[in-house]
Amino acid sequence: KAGVTQTPRYLIKTRGQQVTLSCSPISGHRSVSWYQQTPGQGLQFLFEYFSETQRNKGNFPGRFSGRQFSNSRSEMNVSTLELGDSALYLCASSSAQGQTEAFFGQGTRLTVV
Amino acid sequence: GENVEQHPSTLSVQEGDSAVIKCTYSDSASNYFPWYKQELGKGPQLIIDIRSNVGEKKDQRIAVTLNKTAKHFSLHITETQPEDSAVYFCAASSTDSWGKFQFGAGTQVVVTP
């Protein structure tokens with residue numbers, strides 16, 4: 001069974017640009033969560049989608065958005081990039097809601113210059 | 001609000017010795033506690049988890065204990081090996097957290113031969 005796949009693995013963008021990251025969950029998993037990981041702030045929750053609906057959102061500005069498709073694949077978008085958005089963006093998939101195991105992808109390393 | 005504290009931030013052990021990482025949580029609604037191992041350049045890997053109706057769980061050299069009254073849980077690694085060197089994260093979530101995990105800051109474990 002394939003794991004969580006995130007693309008691309010690495011991205012370099014310029015301040016002010018926008019970026020879209022993609023996440024394909026484990027087959028059969030319907031919940032996808034996104035996290036931002038930085039050395040200073042650690043792992044911070046961005047948002048979670050289940051069956052194409054955003055059920056939970058973290059404390060990030062509106063520049064961060066996401067969506068989920070009918071095949072459970074998810075994308076997140078960051079508009080008007082800032083230097084502070086440089087981070088490892090991780091997505092995790094799980095089979096259902098609540099307290100079930102969540103499996104992470106390898107992440108997308110975003111560098112904003 | 002929700003908070004997970006993790007100690008120590010770094011842990012250096014001799015190969016064959018045991019390693020213990022401790023976490024405390026503040027949200028009394030938390031009922032699921034996973035532990036993740038993250039190696040350089042990779043996403044977090046789920047290594048063991050425990051639910052609030054269980055006090056202890058073991059999987060080969062890894063064990064986790066949970067004290068709900070004190071709101072703390074610990075990871076125990078016995079007979080450490082060099083391949084155990086990584087950053088370990090504890091996390092907590094509740095039934096209605098909709099994919100959101102509150103992560104500890106991480107513990108850098110170094111196992112020296």
Side-chain angles (χ1 to χ4, degrees), chain A residues 3-7 9-10 21 23-26 29-51 53-60 66 68 72 74 87-109, chain B residues 1-7 9-10 21 23 25 27-54 57 59 62 64 66 68 73 86-108:
Chain A
V4 179
T5 303
Q6 291 189 246
T7 57
R9 289 292 312 279
Y10 303 93
L21 312 181
C23 173
S24 293
I26 292 170
H29 284 191
R30 296 166 65 189
S31 170
V32 174
S33 300
W34 288 89
Y35 288 82
Q36 182 195 65
Q37 185 176 29
T38 59
Q41 299 298 318
L43 283 147
Q44 291 190 294
F45 173 76
L46 282 156
F47 29 66
E48 187 264 0
Y49 287 86
F50 182 85
S51 293
T53 300
Q54 184 184 88
R55 300 190 300 184
N56 202 356
K57 190 177 189 306
N59 298 321
F60 279 82
Q68 187 180 36
S72 294
S74 177
L88 180 67
Y89 290 89
L90 294 158
C91 84
S93 81
S94 61
S95 59
Q97 62 196 47
Q99 46 172 318
T100 58
E101 297 91 342
F103 301 93
F104 282 86
Q106 296 213 60
T108 293
R109 172 73 62 184
Chain B
E2 305 161 338
N3 190 38
V4 174
E5 294 190 0
Q6 182 173 347
H7 298 282
S9 57
T10 58
I21 304 170
C23 290
Y25 61 97
D27 186 357
S28 56
S30 297
N31 54 12
Y32 176 64
F33 308 90
W35 285 88
Y36 288 88
K37 173 185 180 182
Q38 188 174 25
E39 296 174 307
L40 202 59
K42 297 185 177 181
Q45 174 193 1
L46 178 66
I47 56 173
I48 196 167
D49 58 12
I50 191 167
R51 290 174 169 78
S52 59
N53 58 346
V54 175
K57 184 177 178 180
D59 182 5
I62 294 174
V64 59
L66 171 65
K68 286 191 297 181
F73 55 113
V87 179
Y88 292 80
F89 293 94
C90 62
S93 71
S94 59
T95 303
D96 60 354
S97 61
W98 306 118
K100 178 181 180 180
F101 290 99
Q102 199 73 23
F103 281 89
T107 297
Q108 174 76 61

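This is a predicted model, so every value here is computed, not measured.
Contacts of Pro34(B) with chain A are absent, with no heavy-atom separation under 4.5 Å from either backbone or side chain. Of the two parts of Leu90(A), only the side chain, counted from C-beta on, holds a non-hydrogen atom closer than 4.5 Å to a non-hydrogen atom of chain B. The part of Arg9(A) that comes within reach of chain B is its side chain, from C-beta onward, which places non-hydrogen atoms under 4.5 angstrom from that chain. For Gln45(B), no part sits under 4.5 Å from any heavy atom of chain A, backbone or side chain.
The heavy-atom pair separating Phe89(B) from Gln37(A) by the smallest distance is CZ-NE2, 3.5 Å. In plain terms, the two heavy atoms of Ser33(A) and Gly99(B) that are nearest each other are OG-O, 3.1 Å.
Scored by the side-chain hydrogen bond (donor to acceptor under 3.5 Å, both in side chains) test, Gln106(A) finds no partners at all (sequence neighbours excluded). Evaluation of the side-chain hydrogen bond (donor to acceptor under 3.5 Å, both in side chains) rule for Thr7(A) yields no partner, not counting sequence neighbours.
Ring to ring, Phe104(A) and Tyr36(B) are close: their centroids are under 6.0 angstrom apart. Aromatic ring centroids of Phe103(B) and Tyr35(A) lie under 6.0 Å apart.
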side-chain contact (heavy atoms from CB on, under 4.5 Å) assessment of Glu48(A) paired with Phe101(B): CA-CA 10 Å; Glu48(A) 187 264 0; Phe101(B) 290 99; over 6 Å; no

Residue pair Gln102(B), Leu43(A): steps toward the side-chain contact (heavy atoms from CB on, under 4.5 Å) verdict: CA-CA 8 Å; Gln102(B) 199 73 23; Leu43(A) 283 147; over 6 Å; no

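For the options Gly43(B), Ala91(B), Pro44(B), Gly106(B), heavy-atom pairs under 4.5 Å to chain A are most numerous at Pro44(B).
Lys100(B) NZ to Leu46(A) CG: the interatomic distance, rounded to the nearest 0.5 Å, is 11.0 Å.
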